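Reading through the structure tokens given below for one structure.
Keep in mind that the numbers below use all heavy atoms, side chains included, and drop hydrogens, waters and symmetry copies. If you're wondering where the values come from, they're calculated on a predicted model, not measured in any experiment.
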Amino acid sequence: MLIDDLRNNIKISLKEKIETRNSINYSVYKNILDKAQKDAKENKCDVIADEYIIRAARKELKQLEDTLSYITNESDPKRFSELTESIAVVNNFLPKSVSKQEIAEYLLDSHIEKNMEICMKSLKLKFGALLDNKIASEVVKEYIK
């Protein structure tokens, strides 16, 4: 379960932070957990399900990538390095999303009606949190042409 992995990663990173004063891993994992807890609370859930963790990790990744887009290695090498490392931590933590090919094959094999809303609902039911909505949307647009 991802929540157990996340908590374990936080514990390991906290120990690492204390020993080496490297707080990047700890900060990233803590941000993901905080976002997931907030999301679960907003949805009135007592348990933080994996989908909340994945959603929170994707939000963290997007936020880090957006920040990185404003910084260059030349303008602020230390911050650039921290952001790059943080992005790598999130990417290593996130489970791999369903590929374009898997999405396309599912749509074709299941003979889903060529309607954007119906396709997206079907994909969300089939793949759950492993579905990247942006990628799915691209594939569905191609499928319904």
Could you pull out the closest heavy-atom pair between [X] and [Y], with the gap in Å?
X	Y	result
A57	V90	O-CG1, 3.4 Å
A56	A36	CB-N, 3.5 Å
A136	I103	CA-CD1, 3.9 Å
L108	Y143	CD2-CE1, 3.8 Å
S86	L64	CB-CD1, 3.7 Å

Revision key, fill the gap. Hits for side-chain hydrogen bond (donor to acceptor under 3.5 Å, both in side chains) against S99, two or more places apart or cross-chain, chain-then-number order -> E102

[X] with [Y]: basic N within carboxylate O range, under 4.0 Å:
X	Y	result
D34	K30	yes
K134	E138	no
D66	K62	yes

Check for a donor-acceptor pair, side chain of [X] on one end and backbone N or O of [Y] on the other, with a separation under 3.5 Å.
X	Y	answer
N43	C45	no
S81	P77	no
D39	K35	no
S122	I118	no

Between atom [atom1] of [X] and atom [atom2] of [Y], what is the distance when rounded to the nearest 0.5 Å?
X	Y	atom1	atom2	value
I87	T67	CD1	OG1	8.5 Å
D132	I54	CG	CD1	11.5 Å
R79	T84	CZ	OG1	10.0 Å
D109	H111	CG	NE2	7.0 Å
I48	I53	CD1	CD1	5.5 Å
I32	L94	CD1	CG	6.5 Å

Practice item. Group every Ile, Leu, Val, Met, Phe, Trp and Tyr by side-chain heavy-atom contacts under 4.5 Å, then state whether L61 and Y70 land in the same group. Key: no

Review point. So if you build clusters from Ile, Leu, Val, Met, Phe, Trp, Tyr with side-chain heavy-atom gaps below 4.5 Å, do L125 and M120 land together?
Key: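 L125 and M120: separate clusters.
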
Review point. For residues T72 and S75, is any side-chain donor paired with an opposing acceptor at under 3.5 Å?
Key: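 Indeed, the side chains of T72 and S75 share at least one donor-acceptor pair under 3.5 Å.
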
Review point. Do Y106 and V98 have side-chain heavy atoms sitting under 4.5 Å apart?
Key: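 Heavy-atom side-chain distance check fails, nothing below 4.5 Å.
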
Point to revise | Listed partners of K141 passing side-chain contact (heavy atoms from CB on, under 4.5 Å), at least two apart | key: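 For K141, the residues satisfying side-chain contact (heavy atoms from CB on, under 4.5 Å) (neighbours in sequence not counted) are M116, S137.
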
Review point. With sequence neighbours left out, which residue pairs that include part of residues 88-98 fulfil the side-chain hydrogen bond (donor to acceptor under 3.5 Å, both in side chains) condition?
Key: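 Sorted pair list: R58-S97.
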
Practice item. Determine, stepwise, if the pair Q101 / V139 fulfils side-chain contact (heavy atoms from CB on, under 4.5 Å). Key: CA-CA 9 Å; Q101 183 179 350; V139 174; over 6 Å; no

